[in-house]
There are 2 protein chains.
Amino acid sequence: MNTETTRTQIMQHAQRLVQERGYNGFSYRDISALIGIKTSSIHYYFPQKEDLLLAVVQQYHARWQAAVQAIDTSLSADAKLRAYVEMHRQTFCNTERICLAAALAAELASLPTDVRRAIQDIYGANEEWLAQVLEQGVREGSLCVPGDVGTAARSMFAALQGSLVTARLFNNSNRIKDLLQAVLTLRE
Amino acid sequence: MNTETTRTQIMQHAQRLVQERGYNGFSYRDISALIGIKTSSIHYYFPQKEDLLLAVVQQYHARWQAAVQAIDTSLSADAKLRAYVEMHRQTFCNTERICLAAALAAELASLPTDVRRAIQDIYGANEEWLAQVLEQGVREGSLCVPGDVGTAARSMFAALQGSLVTARLFNNSNRIKDLLQAVLTLRE
DNA sequence: GTCTATAAACGGATAGAC
DNA sequence: GTCTATCCGTTTATAGAC
């Protein structure tokens, strides 16, 4: 069982390149050179570049969702939130990459409609998960959330996505957990 | 005095295109078609595409700084903050564009060093201004800022940048003022 | 499945006429 | 300053051999 199929390698490199340089910042040639194949071989798996993009986005969404849902549901809200933020921080520290959805959302006007919808789905799913955790936190009293939890969840996810961007910009991964300060009643 | 010089038009379209599609998402041809000139004329003003980019980024920084510093320094901290967020919201509502610095930071790896530094400058200046306002707010008691003001300022600017991205993604400008909820003690 | 070969358009960029 | 003309590498994509 070799998971390092050509198709897998293509998608891995494509995802990384989007996160580093954006959708318009890489070409089939880049990927072909990295893997050691010809660009025509990539077209065999993904006839158009947009096909590759959509496949990468959907795979990213599925994997991220699985990772989020792997967070122990029996945890307290503040522990869930810490685990969630730590997930982002760990991913960033290992790869120096921002979220795929954020990278693509920045160049929204140059993306096909189905990809835009897929990006909305990623944002929506994360905001929804966060809103539920915040609501739990309010119930428990483990989190300090002023105002509407839905609003706070959207704001928090935006902050997290934005902090990944600045963590890379300033080469400082500590920025990723900055948003915890406001919502955690206990100091770290 | 016609400010609609060719140079001005080139820079206007370049800025808009970066904000909409990213640096790698437009070409001299796009701009030339929009203005009704030839690409060689653009090269007369900006020999390389990177020259154009740097000029656009620096102009954007200068104008944004001027607008921020035009906020009445005698205002209370919460009024300053509302004015600052409203500035973002108004700009977005008129143009449907995210911040130039955020658009570029998303494709960081494909940008020249001097542009990266300029983007850092934009982030740094905004974070610094916000930190001072938050500090004033803590002194006055007009803002609710738990923990370190520097950390809160960075987190807040990240949230603001991220909210512009989602405002565009979901076509909903209300998201931009979401972050005010957490920090304003008075409800809107 | 991967290759060679090729097409056709696009990209940034330059030289030189007007 | 703007144009025409041109260069040359890149990019996406296809046809067909192996």
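Since the model is a prediction, treat every value here as computed from it, not as a measurement. Letters A, B, ... mirror the listed sequences (proteins, then strands); counts begin at 1.
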Query raised in the report: Hey, are A/Q136 and A/Q132 close enough side-chain-wise for a donor-acceptor pair under 3.5 Å?
Result: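 Distance-only check fails for A/Q132 and A/Q136.
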**Report entry** Side-chain heavy atoms of A/Q161 within contact of B/V165, under 4.5 Å
**Finding:**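 Answer no - side chains too far apart.
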Only pairs under 3.5 Å count here: list side-chain donor-acceptor contacts from residues 33-44 of chain B, not counting sequence neighbours, and write none if there are none.
from: B/H43; atom 1: ND1; to: B/P47; atom 2: O; distance (Å): 2.8

Answer with base, sugar-phosphate or nothing: what part of the nucleic acid does [X] contact at a heavy-atom distance below 4.0 Å?
X: B/R29; answer: sugar-phosphate
X: A/Y28; answer: sugar-phosphate
X: B/K38; answer: base
X: B/S27; answer: sugar-phosphate

Query - A/E128 CD: over 12 foreign heavy atoms closer than 6.0 Å - result: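 Count not over threshold, so no.
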Query raised in the report: Is the distance between the ring centroids of A/F92 and A/H88 less than 6.0 Å?
Result: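 No, the ring of A/F92 stays outside the 6.0 Å limit from the ring of A/H88, centre to centre.
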Query raised in the report: If each of B/F46 and A/S40 is mapped to the nucleotide of DNA chain C with the nearest heavy atom, which maps nearer the 5' terminus, i.e. the 5' end?
Result: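 Nearest-nucleotide comparison on DNA chain C picks A/S40.
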**Report entry** A/D78/A/R82 salt bridge by N-O under 4.0 Å criterion
**Finding:**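 Counted as a salt bridge, because a side-chain N and a carboxylate O are separated by less than 4.0 Å.
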Query - Phosphate contact (C/dG12 OP1 or OP2) by B/Q48 side-chain N/O below 4.0 Å - result: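 The answer is no; no side-chain N or O of B/Q48 sits under 4.0 Å from OP1 or OP2.
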**Report entry** Whether B/S155 side chain and B/A152 backbone form a donor-acceptor pair below 3.5 Å
**Finding:**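 Not a single qualifying donor-acceptor pair exists.
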Query raised in the report: Does any N or O in the side chain of A/Q181 come within less than 3.5 Å of the main-chain N or O of B/D148, such that one atom is a donor and the other an acceptor?
Result: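 Such a contact is found between A/Q181 side chain and B/D148 backbone.
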Query raised in the report: Can you list, by residue number, the residues of residues 15-26 of chain B that have a non-hydrogen atom closer than 4.0 angstrom to DNA chain C?
Result: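 Output list: B/F26.
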Query - Sub-4.0 Å heavy-atom contacts from residues 106-119 of chain A onto DNA chain C, ordered by number - result: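 Residues of residues 106-119 of chain A that come under 4.0 Å of DNA chain C do not exist, since none gets that close.
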Report task. Specify whether A/W64 and A/Y60 have parallel, tilted or perpendicular ring planes, treating 30° as the upper limit for parallel and 60° as the lower limit for perpendicular. Result ->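 The rings of A/W64 and A/Y60 lie parallel, inter-plane angle below 30°.
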Query raised in the report: Rounded to whole angstrom units, what separation is found between the CG atom of B/D30 and the C1' atom of C/dG12?
Result: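 From B/D30 CG to C/dG12 C1': 13 Å.
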Report task. Round to a whole Å and report the spacing from NE2 of A/H43 to C1' of C/dT6. Result ->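 After rounding, the reported distance stands at 13 Å.
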Query - For A/H61, all residues meeting ring-ring contact (aromatic ring centres under 6.0 Å, His included), sequence neighbours excluded - result: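 Checked A/H61 against ring-ring contact (aromatic ring centres under 6.0 Å, His included); zero matches.
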Requested in this report: With sequence neighbours excluded, tell me which residues meet ring-ring contact (aromatic ring centres under 6.0 Å, His included) with B/Y123.
Outcome: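 B/F157.
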Query - Nucleotide range of DNA chain D lying under 4.0 Å from chain B heavy atoms - result: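 First-to-last contact on DNA chain D, by the 4.0 Å heavy-atom rule, is D/dG1 to D/dT4.
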